[in-house]
Amino acid sequence: MTSPPGLPIPGTRKLVGLLRRLFLRAPPSHEQAGFLSDIHHAETLPADGHPAPHEGDTAPAAPTAAAPAPGAEASDPSAHSAPAEAPPAEEPGFAALGLSDPILKALHDKGYLRPTPIQAQAIPAVLMGQDVLGTAQTGTGKTASFTLPMLDILQGSRSRARMPRSLILEPTRELALQVAENFVQYGKHLKLNHALLIGGESMADQKEVLTKGVDVLIATPGRLIDLFERGGLLLTDVRVLVIDEADRMLDMGFIPDIERIVSLLPRKRQTLFFSATMAPEIRRLADAFLSHPKEITVARPATVATTITTGLVLVNEHDKREALRRLIRGQDVQNALIFCNRKRDVDILLKSLSRHGFSAGALHGDLPQPVRFATLEKFKAGELQLLVCSDVAARGIDIGGLSHVFNFDVPHHSEDYVHRIGRTGRAGREGHAYTIATPEDRLAVEAVEKLIAAPIPRVTVEGLDEVEWAEDDGRGRRGRGGRGDKRAPRDKDRKPARGDRPERGERPERGERPERGERPERGERGERAEAQPRREREERRPERRDEPRRDDQRRDEPRREDPARDERRRDRFERHDLGPSVRGFGGAVPAFMLLRRRGQHPPIETGDDETPDILPHDED
């Protein structure tokens with residue numbers, strides 16, 4: 001009994017398994033789905049190789065059912081509809097990146113199904129043990145691009161006491177706290193622990209956690225160096241180093257600390273370097289720390305997300321607070337961050353908003369660490385509607401559903417504008433960002449527009465005077481006149497114009513100068529140069545050159561007796577119970593007062609039959 005032409009049944013089953021594994025790596029096309037349906041249909045044939053005939057079918061119709069025409073196959077929806085929809089259900093976005101099942105389960109619980117562009121490129125490279133240099137705008141998911149693969153790498157072994165296995169450096173305490181929260185959320189199905197080293201917390205508690213052994217150490221550079229110098233930890237077992245927000249590290253002056261920390265790490269390690277901008281100094285550090293890295297640039301540096309609606313309000317200096325209050329009342333503000341350039345302005349603006357009935361809090365670097373954490377948690381929980389802060393909150397802090405960002409001051413550095421407004425419009429949500437400027441902020445606004453390569457639309461606030469840009473930038477003047485002080489120069493400091501100066505020929509004639517040979521003596525020249533009033537004063541002034549000094553006269557004169565003064569001193573001593581006043585030596589002269597001065601032989605008066613107590617020494 002011979003089989004019909006074609007593949008045998010066991011070989012068909014193997015081919016079907018291979019083709020399924022091949023086609024499930026990518027969504028199948030329309031023709032591929034039909035081909036898989038044909039193979040599956042051929043695999044289910046009976047042993048004789050012919051399909052079972054149905055009632056009413058003829059014999060020649062059986063081979064036609066086994067090998068249908070392409071047109072007929074395409075017209076039959078039941079042949080390929082089920083296989084075409086099945087692969088997308090079996091292929092979650094993060095599963096294709098090679099992450100383990102516990103991490104995928106945690107991502108599913110968070111509702112994350114598809115990775116962002118930087119996550120899709122960075123996660124496979126990190127899992128392969130390659131160094132990464134990532135540049136992407138804020139809000140693109142840089143934190144998850146290194147936390148997820150690190151959890152997958154570290155789950156295979158355990159840590160030792162005071163020897164962390166990985167190190168993450170963050171510029172601010174708030175950002176370090178946020179990264180620690182991400183590790184807790186993504187690694188809840190893994191048996192990994194972490195430690196948070198930041199300032200403002202108990203160092204004894206941090207040492208105790210390190211003694212138990214940590215897999216992930218999240219720290220700010222200052223506290224890490226302080227604890228290392230006190231012998232609280234060792235960095236010789238670090239296998240993965242992450243430097244996050246490197247450009248912010250540069251702005252805050254942490255680069256020397258970063259270089260010292262890197263010198264303490266083993267040379268054989270994996271380094272992940274992430275930054276929102278790529279300045280020349282950042283590039284130099286990346287070249288020094290990384291070894292053949294994979295460079296990932298998702299978007300042009302310093303770009304604004306397309307989901308953010310921006311606006312610029314130009315008002316006078318004294319109308320800024322009123323403009324902010326009207327913007328908040330006129331917009332559908334669920335929660336908002338309000339940025340100021342100075343910490344002092346944060347406190348002043350908070351008092352103003354609280355006085356007008358707004359639910360607001362403050363966040364800046366001078367506040368104690370527990371107060372900062374408590375305020376941030378209240379804002380995230382919805383207990384506070386507005387959070388007035390400095391640039392300490394502008395980097396990396398992810399606040400879900402933030403609807404608005406207000407720049408009460410135009411930032412000094414144009415890059416900070418991108419990081420400020422990047423707190424809203426995250427994860428595809430819509431956001432709004434408004435900047436309040438004064439006429440003297442023209443140059444700062446132009447620098448921001450040049451950086452983002454787009455103008456900021458002007459927005460008018462009803463009820464406030466419309467103003468225009470000033471010709472000069474008043475930010476550089478910080479004198480007594482304050483900002484925008486345009487005092488005219490004083491007349492005595494003003495130099496005469498060239499037209500007002502007398503010509504060389506019109507200058508008044510000076511007295512004839514004596515020839516060089518007839519130059520008078522110094523004394524005569526000085527007398528001739530003196531003015532007449534000064535001469536008269538000198539003539540009236542009595543001569544005192546030969547007179548002795550007044551101090552010498554008083555020293556030589558005998559002390560005048562004043563009975564009233566002596567009585568007052570006597571009463572004072574008796575009133576304060578100081579005893580009788582000191583009367584001195586009287587007529588007796590102590591011997592030490594008869595010692596001669598060096599180089600002199602004062603005469604010593606003695607009688608004829610008396611021997612002096614102290615004889616002068618003979619000079620050599």
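Note: hydrogens, waters and symmetry copies are ignored here, and every other heavy atom, side chains too, is used. Everything numeric in this text was worked out from a predicted model, so none of it was measured.
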With rounding to the nearest 0.5 angstrom, report the [atom1] to [atom2] distance, [X] to [Y].
{"X": "C389", "Y": "K343", "atom1": "SG", "atom2": "NZ", "result": "13.0 Å"}
{"X": "I421", "Y": "F406", "atom1": "CD1", "atom2": "CZ", "result": "13.0 Å"}
{"X": "H432", "Y": "T309", "atom1": "NE2", "atom2": "OG1", "result": "4.5 Å"}
{"X": "I168", "Y": "T147", "atom1": "CD1", "atom2": "OG1", "result": "7.5 Å"}
{"X": "L99", "Y": "Y186", "atom1": "CG", "atom2": "OH", "result": "11.5 Å"}
{"X": "Y417", "Y": "L451", "atom1": "OH", "atom2": "CG", "result": "10.5 Å"}

Problem set entry | Parallel, tilted or perpendicular, as decided by the 30° and 60° cut-offs, for the rings of H404 and Y434 | parallel
Under 6.0 Å from the [atom1] atom of [X], do we count more than 12 heavy atoms belonging to anything else shown?
{"X": "E229", "atom1": "CD", "value": "yes"}
{"X": "M203", "atom1": "CE", "value": "yes"}
{"X": "E208", "atom1": "CD", "value": "no"}
{"X": "K188", "atom1": "NZ", "value": "yes"}
{"X": "R284", "atom1": "CZ", "value": "yes"}

If we ignore hydrogens and angles and just use 3.5 Å, is the side chain of [X] paired with the main-chain N or O of [Y] as donor and acceptor?
{"X": "R162", "Y": "L235", "result": "no"}
{"X": "N407", "Y": "C340", "result": "no"}
{"X": "D237", "Y": "P164", "result": "no"}
{"X": "N341", "Y": "V410", "result": "yes"}
{"X": "T424", "Y": "L402", "result": "yes"}
{"X": "S166", "Y": "D215", "result": "yes"}
{"X": "N193", "Y": "G213", "result": "yes"}
{"X": "T297", "Y": "T135", "result": "no"}
{"X": "R165", "Y": "R160", "result": "no"}
{"X": "Q119", "Y": "G141", "result": "yes"}

So, are [X] and [Y] salt-bridged, with charged N and O less than 4.0 Å apart?
{"X": "R442", "Y": "E446", "result": "yes"}
{"X": "R423", "Y": "E174", "result": "no"}
{"X": "R260", "Y": "D257", "result": "no"}
{"X": "R230", "Y": "D226", "result": "yes"}

Exercise. Given the rule in the side chain to side chain contact (heavy atoms under 4.5 Å, CB included) test, do L272 and I243 qualify, once you have shown the distances and angles that lead to the verdict?
Worked result: CA-CA 6 Å; L272 312 179; I243 301 177; over 6 Å; no
For this session: Decide yes or no on salt bridge (Lys or Arg N to Asp or Glu O under 4.0 Å) for D244 and K142, but give the supporting numbers first.
Result: CA-CA 9 Å; D244 193 18; K142 294 192 297 293; 5.9 Å; no
Problem set entry | Audit row: V216, I218, side chain to side chain contact (heavy atoms under 4.5 Å, CB included) steps and yes/no | CA-CA 6 Å; V216 181; I218 308 166; 4.0 Å; yes
Using every non-hydrogen atom in the two residues, find where [X] and [Y] come nearest and quote the distance to one decimal.
{"X": "L104", "Y": "A95", "value": "CD2-N, 3.8 Å"}
{"X": "I308", "Y": "G422", "value": "CD1-CA, 4.4 Å"}
{"X": "A176", "Y": "I198", "value": "CB-CG2, 3.9 Å"}
{"X": "P221", "Y": "E170", "value": "CD-O, 3.4 Å"}
{"X": "T220", "Y": "G199", "value": "OG1-N, 4.2 Å"}
{"X": "G200", "Y": "R223", "value": "N-NH2, 3.7 Å"}

Problem set entry | Which residues share a salt bridge (Lys or Arg N to Asp or Glu O under 4.0 Å) with R458, sequence neighbours left out | none
Problem set entry | Residues which pass salt bridge (Lys or Arg N to Asp or Glu O under 4.0 Å) with K294, listed by chain and number, not counting sequence neighbours | none
For this session: Just do the side chain to side chain contact (heavy atoms under 4.5 Å, CB included) check on D247 and E245 with the steps written out, would you?
Result: CA-CA 6 Å; D247 52 348; E245 300 288 349; 3.8 Å; yes
Residue pair [X] / [Y], side-chain heavy-atom distance below 4.5 Å:
{"X": "R269", "Y": "V238", "result": "no"}
{"X": "Q385", "Y": "F379", "result": "no"}
{"X": "L349", "Y": "I338", "result": "yes"}
{"X": "L113", "Y": "H108", "result": "yes"}
{"X": "Q206", "Y": "L196", "result": "no"}
{"X": "D332", "Y": "S403", "result": "no"}
{"X": "M163", "Y": "L233", "result": "no"}
{"X": "E449", "Y": "I456", "result": "yes"}

Seminar exercise, completed: Tested for side chain to side chain contact (heavy atoms under 4.5 Å, CB included) against V214, the lone hit among L197, V209, L192 is V209
Assess the side chains of [X] and [Y]: does a donor N or O sit below 3.5 Å from an acceptor N or O?
{"X": "R248", "Y": "T172", "value": "no"}
{"X": "R239", "Y": "Q270", "value": "no"}
{"X": "D347", "Y": "H364", "value": "yes"}

For this session: Taking the six-membered ring for Trp and the single ring otherwise, decide whether the centroids of F274 and F146 are under 6.0 Å apart.
Result: yes
For this session: Before giving the answer on side chain to side chain contact (heavy atoms under 4.5 Å, CB included), spell out for D441 and L314 the whole-Å C-alpha distance, their side-chain angles and the decisive distance to 0.1 Å.
Result: CA-CA 9 Å; D441 294 329; L314 186 60; over 6 Å; no
